[in-house]
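Written out below as structure tokens is the structure these notes cover.
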Number of protein chains: 2
Amino acid sequence: MNNQHKNEQEEQLSLKLFIVLTRALESIKRRVEEDIKCLGLNPTEFAVLELIYSKGDQPIQKIGQKVLIASSSITYVVDKLEKKNLLKRKPCPKDRRITYATITEEGTKFMDDVFPKHKQAIKEIFAGLDVNEKKVMIQQLKKLGYYAESL
Amino acid sequence: MNNQHKNEQEEQLSLKLFIVLTRALESIKRRVEEDIKCLGLNPTEFAVLELIYSKGDQPIQKIGQKVLIASSSITYVVDKLEKKNLLKRKPCPKDRRITYATITEEGTKFMDDVFPKHKQAIKEIFAGLDVNEKKVMIQQLKKLGYYAESL
DNA sequence: TATAATTGTCTCGAATTCGAGATAATAAAA
DNA sequence: TTTTATTATCTCGAATTCGAGACAATTATA
């Protein structure tokens, strides 16, 4: 195979992989969203709540870094969770610029009930691959992600 | 390993895969978006334009099916592309409910210039994996996607 | 043929996300 | 210590996407 064909093949394969990747994640996200929506939350709200549920109080700023949303969006999401009484804001006594998001008792109860079911649902959604295939895919996706990030 | 541990391992792995998948695609999308944004288009606009560039005139309705966006969103996107003189609407003479989106001469010129570069950029973004790894990943992602879709 | 169901496009309002910039607090530098 | 730079959060307006429903045209059914 000459160089030009090789290049074209690489292009085709990459384009194909991009589409398949996008589509697969769309299908998966749709299922995950179904699982979450009936709890009255959207995926972002759930992700933020879960972060605080499992990692404890977080400065609002940190939340955005971990869940990968802009700071102005976190304000919005935390507002919504606060209105639902799942989180509350708590000022930091040492640094008055900082506001922590803290889970409420109601929020904890909610997650105690819901999170195990959520993990189970994710497991079912990903049951198209076996344990080993998942491990391989995780590795490959990391490679791909790191590389793209490094550009 | 007993059943409970097995179940937990499956849950952990699936959760992990979900996160890695989401993150990897985020990194990739960011790069692809950079490539497209400087053309004055967003990814949806580019996808719609590309569809019509490579597959010819499409009823507006079909576009949504292929690019996976809601019908109300296509109207919006086609409006934008029309304002940029890259597409135009053309009524179907046989079925007056249907409106085709047609690429303009300017749109064709634009894509002739831009599409090869775009493919090249995608290739570079995906250069973290070799040809064979890509093929394997495409297969596995299809399995995963089909399975999630079938639920 | 008249009626009902379906199809294709669009309008509208809501939800979500972003970026730019405002504000206040803290940290660093002169 | 004053000045400057950085940090954390929030406000605001814009962009994008969606779903519900309007409307017209077509197709299927009685």
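So you know, we letter chains A, B, ... as the sequences are listed, proteins then strands, and number each from 1. Just so you know, these numbers come straight off a predicted model, no measurement behind them.
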Figure out the [atom1]/[atom2] separation between [X] and [N], and round it to whole Å.
X       : N      : atom1 : atom2 : value
B/Asp95 : C/dT6  : CG    : P     : 17 Å
B/Ile98 : D/dA25 : CD1   : P     : 13 Å
A/Ile69 : D/dT9  : CD1   : C1'   : 14 Å

Going by the rule side-chain contact (heavy atoms from CB on, under 4.5 Å), which residues pair with [X] if we only count those two or more places apart in sequence or in a different chain?
X        : answer
B/Glu124 : B/Gln120
B/Glu106 : B/Asn85, B/Thr104
A/Lys90  : A/Asp57, A/Tyr100, A/Thr102

Notebook entry, point to check: If we fit an axis to the first five pairs and another to the last five of the helix from C/dT1-D/dA30 to C/dA30-D/dT1, what angle do they make, to the nearest 10°?
Noted result: 10°
Notebook entry, point to check: Can you find a side chain N or O atom of B/Arg97 that sits less than 4.0 Å from OP1 or OP2 on D/dT26?
Noted result: no
Next item on the list: Only counting residues at least two apart or in another chain, list the ones meeting side chain to side chain donor-acceptor pair (under 3.5 Å) with A/Glu33.
Entry: none
Next item on the list: Check if the side chain of B/Ser72 and the base of C/dC12 share a donor-acceptor pair of N or O atoms closer than 3.5 Å.
Entry: no
Next item on the list: Count the heavy atoms of every other residue, nucleotide or ligand shown that sit under 6.0 Å from NZ of A/Lys62, and state whether that count exceeds 12.
Entry: no
Note to self: Tell me whether the count of non-hydrogen atoms from other residues, nucleotides or ligands lying under 6.0 Å of CG in B/Asp112 goes above 12.
What the structure shows: yes
Item checked: With B/Leu81, the side-chain contact (heavy atoms from CB on, under 4.5 Å) member among B/Val48, B/Thr44, B/Ile103 -> B/Val48
Item checked: NZ/NE/NH1/NH2 to OD/OE distance under 4.0 Å, A/Lys84 and A/Glu45 -> yes
Measure all distances between protein nitrogen or oxygen atoms and nitrogen or oxygen atoms of nucleotides 2-4 of chain D, and list the pairs falling under 3.5 Å.
none

Notebook entry, point to check: Near DNA chain D, under 4.0 Å by heavy atom, which residues of residues 73-93 of chain A?
Noted result: A/Thr75, A/Arg89
Qualifying side chain to side chain donor-acceptor pair (under 3.5 Å) pairs, either residue in [range], two or more places apart:
range                       : value
residues 12-21 of chain B   : A/Lys134-B/Ser14
residues 136-147 of chain A : A/Lys143-B/Glu133
residues 69-79 of chain A   : A/Asp79-A/Arg89

Margin query: For the backbone of A/Asn2 and the side chain of A/Gln4, can you confirm whether one donor and one acceptor N or O come within less than 3.5 Å of each other?
Written below: no
What side-chain donor-acceptor pairs closer than 3.5 Å can you find for residues 17-29 of chain B, not counting sequence neighbours?
| unit_1 | atom_1 | unit_2 | atom_2 | d |
| --- | --- | --- | --- | --- |
| B/Thr22 | OG1 | B/Phe18 | O | 2.7 |
| B/Arg23 | NH2 | A/Lys66 | O | 2.7 |
| B/Ser27 | OG | A/Glu149 | OE1 | 2.6 |
| B/Ser27 | OG | B/Arg23 | O | 3.3 |

Next item on the list: Between A/Leu68 and A/Arg96, name the one whose nearest nucleotide on DNA chain C is closer to the 5' end.
Entry: A/Leu68
Check: Where along residues 29-65 of chain A does a heavy atom fall under 4.0 Å from DNA chain C?
Finding: A/Asn42, A/Thr44
